[in-house]
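In the text below, chain A, chain B and the rest are named by the order of the sequence lines, each starting its count at 1.
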Amino acid sequence: MQNNLFIYNTLSKKKEQFKPLHPPFVGIYVCGPTVYSHAHLGHARPAITFDLLFRYLTHLEYRVRYVRNITDVGHLENETLGEGEDRIEKKARQEHLEPMEVVQKYVNTYHRNMDQLNTLSPSIEPRATGHIIEQIELIKILIKNGYGYESNGSVYFDILKYNEKYKYGKLSGRVLEDLISNTRDTEGKDEKRNPFDFALWKKASPEHAMRWPSPWSDGFPGWHLECSAMSIKYLGEVFDIHGGGMDLQFPHHECEIAQSTAALGKESVRYWMHNNMITINGQKMARSLGNFITLDQLFTGNHPVLEQAYSPMTIRFFILQAHYRSTVDFSNEALQAAEKGFLKLMKGIESLKKIKPSDQSTFDIKGFREKCYAALDDDLNSPVLLSHLFDGVRFINSVLDGSEKIDASGLDALKDLFNTFVFDLLGLKDETTGAADDKLMDELMKIIIDLRQEAKNLKQFEVSDKIRKELNNIGITLKDTKDGVSDWEKNPL
RNA sequence: GGUCGGUUAACCGAGUGGCUAGGUAGCGGUCUGCAAAACCGUUUACGGCGGUUCGAAUCCGCCACCGACCUCCA
């Protein structure tokens, strides 16, 4: 169980070699969605980033437990101020649904979209509402340790107390004194001792539907608490990797660190990984800017900023073509380029089947393998991996052109490498409908191609060109080859 | 205002102190009856100004701009 994987740890701001705490086991916790509306483009990024990590660690023969939560309670509209309505409760009220109906509806679409993007299911997908007891127990510990205090039926985390012994803000580079001095309104307008204290438990107002009994009040848990409680439950007090979007660094992950550290007396997470954000035409994606795109809209093209539909694999390829710690900008131009590049990659792999091995090889298969692994080992550098794979595609095409050669064992190895890296690790898949598997279609095309060949032999090019043009109109491309035998393929949608 | 990250050729997007990233688009060529595909070649790349260095797009400083989160204001 050896690895050469380096990952960028947000905590140290450096690439560090990944050494699991208890090999061969690896524990990963990733912040999942709050299920109060459709999954959007922003959800695709962490899902694909950590899917790649999950696939790679599994490929390295680790036994990976990948936990990704579903937030179905406690995420308020204005989390920092601890004000505003619970997002799910609000949606339920607007749509006249039970909160759990809202949750079910959007969990379902989230799962469907994640399947479309070909992300593997996490090992465990725990929900906050399923772990109320664990959260209450964690609050009790925090109160006992002196870091939680009750106020009018709610319980808050005492940031100042925590900061005396530990350092609040180390993940996001914030200094508590600065945060406080930047806040002018510290008057006792609410139940907190300090405006940066965050809720562990909120007392529910009489009309609030989502409520559970607790020693302090009928209420509901604070947003940050679920991740601490569930990661401890399923991955242990100390675990390997915690992932999520960069936007969650502050305050969410900072609060998680504070809770877990205060409860356990030690650091819980060894490697923090954060994926960067997505922009659309250079702007951040926001409902107010009118460029908020759900995954369903993207896959159907049903949105004003979209010139066409983009397939799930086009999106996956596009996201993988950028490094996960860079922002990635969505535009029609960029997506169309990605679509073509992705098809080129798929066609190249398909072409592998046509290669006839020679008795010699002009390809350095060992060097190729090493470069591919080195790319992933370098903080999951998928764009560099893809650039190597495209070099491989050019080689494949050159073999078919006769300018390069590969022997039988090299060919097997090359096929194996493409399978491993493209399908198993990058998680891409061929989306073209299986034209070659359709017997009847094959027979029909053979007849048409034969007839066209006869026309060509008689130099009746108007006829042969017409056949080719008409076929192209219904989505079939004919390709004439040197030896006179025409090939055909279905056009991608 | 605070913290962090970024500014690379037509577009997207990697990267290293000196060696062609890659994809898409354009241009020229090979092949072809013509196409398509493929292959080969190609287009003022590294925000600005200083500094370190034999040598910097890559390190340091300053400036400009962009983004994220937070704050403020609405």
Subject >> Whole-Å distance separating the CG atom of A/Leu343 from the C1' atom of B/A25 >> reply: 16 Å
Original post:
Can you name the nearest heavy-atom pair linking A/Asn332 to A/Val305, along with the distance?
Top reply: ND2-O, 2.7 Å
Original post:
Is A/Asp465 side chain donor-acceptor paired with the B/G33 base, going by distance under 3.5 Å alone?
Top reply: yes
Original post:
Which part of the nucleic acid, if any, lies within reach of A/Gln249 when heavy atoms closer than 4.0 Å are counted: base, sugar-phosphate only, or nothing?
Top reply: nothing
Original post:
OP1 or OP2 of B/C39 sitting under 4.0 Å from any side-chain N/O of A/Asn397?
Top reply: yes
Subject >> Check: A/Thr71/A/Asn69 side-chain N/O donor and acceptor closer than 3.5 Å >> reply: yes
Subject >> Quiz item: A/Arg468 side-chain donor-acceptor pair to B/C34 base, under 3.5 Å >> reply: yes
Original post:
Regarding A/Asn113 and A/Gln116, is there a side-chain donor-to-acceptor distance under 3.5 Å anywhere?
Top reply: yes
Original post:
Picking from B/A36, B/G15, B/C40, which would you name as closest to the side chain of A/Arg394?
Top reply: B/C40
Original post:
Toward the 5' end of RNA chain B, which comes first, A/Arg452 or A/Phe342, by nearest nucleotide?
Top reply: A/Phe342
**OP:** Would you classify A/Leu478 as touching base, sugar-phosphate or nothing, given that sugar-phosphate means primed atoms plus P, OP1 and OP2, and contacts are heavy atoms under 4.0 Å?
**Re:** base
Original post:
Taking only N and O in the side chain of A/Lys340, is any of them less than 4.0 Å away from OP1 or OP2 of B/A25?
Top reply: yes
**OP:** Report, as yes or no, whether the 6.0 Å neighbourhood of atom NZ on A/Lys353 holds more than 12 heavy atoms from other residues, nucleotides or ligands.
**Re:** no
Original post:
When the nearest nucleotide of RNA chain B is assigned to A/Gly341 and to A/Lys13 on a heavy-atom basis, which residue is associated with the more 5' position?
Top reply: A/Lys13
Original post:
From the list B/C12, B/G23, B/C69, which nucleotide is the closest neighbour of the side chain of A/Phe390?
Top reply: B/G23
Subject >> 5'-to-3' dot-bracket of RNA chain B (Watson-Crick, G-U; under 3.5 angstrom; crossing pairs as [ ]; | other strand) >> reply: (((((((..(((.....[...)))((((((.......))))))...(((((..]....))))))))))))....
Subject >> A/Asp51/A/Arg316 ion pair, N-O < 4.0 Å >> reply: yes
Original post:
Any chance the side chains of A/Glu256 and A/His242 put a donor and an acceptor closer than 3.5 Å?
Top reply: yes
**OP:** Check the side chains of A/Thr34 and A/His75 for a donor-acceptor pair under 3.5 angstrom, ignoring hydrogens and angles.
**Re:** yes
**OP:** Determine the Euclidean distance between corresponding P atoms of B/G48 and B/U58; express it in Å to zero decimal places.
**Re:** 10 Å
**OP:** Pick the P atom in B/G22 and in B/U43, then give their distance to the nearest Å.
**Re:** 13 Å
Original post:
If you look at every strand shown and take non-hydrogen atoms under 4.0 Å, does A/Phe318 touch a base, only sugar-phosphate, or nothing?
Top reply: sugar-phosphate
Subject >> Spacing of A/Met346 atom CE relative to B/A37 atom C1', expressed in whole Å >> reply: 18 Å
**OP:** Please determine, by modelled atom types, if A/Glu191 and A/Tyr156 share a side-chain donor-acceptor pair under 3.5 angstrom.
**Re:** yes
Original post:
Is A/Arg174 close enough and on-axis enough to A/Phe250, meaning under 6.0 Å and within 45°, for cation-pi?
Top reply: yes
Subject >> Separation of B/G67 C1' from A/Phe250 CZ (nearest whole Å) >> reply: 19 Å
**OP:** Could you work out the separation of B/C4 and B/C60 based on their P atoms and round it to a whole Å?
**Re:** 14 Å
Original post:
Expressed in angstrom and rounded to an integer, what is the separation of A/Lys459 atom NZ from B/C34 atom P?
Top reply: 11 Å
Original post:
Roughly how many Å is it from NE2 in A/His323 to C1' in B/U8, rounded to a whole number?
Top reply: 17 Å
Original post:
Quantified in whole Å, what is the P atom distance between nucleotide B/G5 and nucleotide B/A74?
Top reply: 32 Å
Original post:
Between the side-chain atoms of A/Arg174 and the base atoms of B/C69, is any donor-acceptor pair under 3.5 Å?
Top reply: yes
**OP:** Give A/Asn472 one of three labels, base, sugar-phosphate or nothing, depending on what nucleic acid heavy atoms sit under 4.0 Å from its own.
**Re:** nothing
Original post:
Around atom NZ of A/Lys161, are there more than 12 heavy atoms of other residues, nucleotides or ligands at under 6.0 Å?
Top reply: yes
**OP:** Establish, with yes or no, whether the OP1 or OP2 oxygen of B/U24 is under 4.0 angstrom from a side-chain nitrogen or oxygen of A/Lys344.
**Re:** yes
**OP:** Select base, sugar-phosphate, or nothing to describe what A/Ser172 touches, counting heavy atoms under 4.0 Å on all strands.
**Re:** sugar-phosphate
Original post:
Just checking A/Lys469: base, sugar-phosphate only, or nothing, at a heavy-atom cut-off of under 4.0 Å?
Top reply: nothing
Original post:
Can you tell me how far P of B/G5 sits from CD1 of A/Ile278, to the nearest Å?
Top reply: 21 Å
Original post:
Rounded to whole angstrom units, what separation is found between the CG atom of A/Asn276 and the C1' atom of B/C12?
Top reply: 16 Å
**OP:** Measure from the side-chain heavy atoms of A/Lys456 and tell me the nearest of B/C39, B/G33, B/A14.
**Re:** B/G33
Original post:
Does the side chain of A/Asn276 pick up a donor-acceptor pair with the side chain of A/Thr327 at under 3.5 Å?
Top reply: no
Original post:
Using a cut-off of 4.0 Å on non-hydrogen atoms, how would the nucleic acid contact of A/Ser331 be classed: base, sugar-phosphate, or nothing?
Top reply: nothing
Subject >> Distance, C1' atom - from B/G26 to B/A9, rounded to whole angstrom >> reply: 13 Å
**OP:** Rounded to the nearest angstrom, tell me the gap between atom CZ in A/Phe330 and atom C1' in B/G13.
**Re:** 13 Å
Original post:
Can A/Lys466 and A/Glu462 be counted as an ion pair, charged N to O under 4.0 angstrom?
Top reply: no
Original post:
What integer number of Å spans the P atoms of B/G55 and B/C19?
Top reply: 15 Å
**OP:** Would you mind classifying the nucleic acid contact of A/Phe461 as base, sugar-phosphate or nothing, using non-hydrogen atoms under 4.0 angstrom?
**Re:** base
Original post:
B/C49 and B/C54: how far apart are their C1' atoms, nearest whole angstrom?
Top reply: 23 Å
**OP:** Please state the C1' separation for the pair B/U7 and B/C63 - nearest whole angstrom.
**Re:** 14 Å
For nucleotides 16-21 of chain B, give me every protein contact, N/O to N/O, under 3.5 Å, one pair per line with atom names.
residue, atom, partner, partner atom, Å
B/A21, N3, A/Ser387, OG, 3.4

Original post:
Can a donor-acceptor pair be found between the side chains of A/Ser172 and A/Gln249 at a distance below 3.5 Å?
Top reply: no
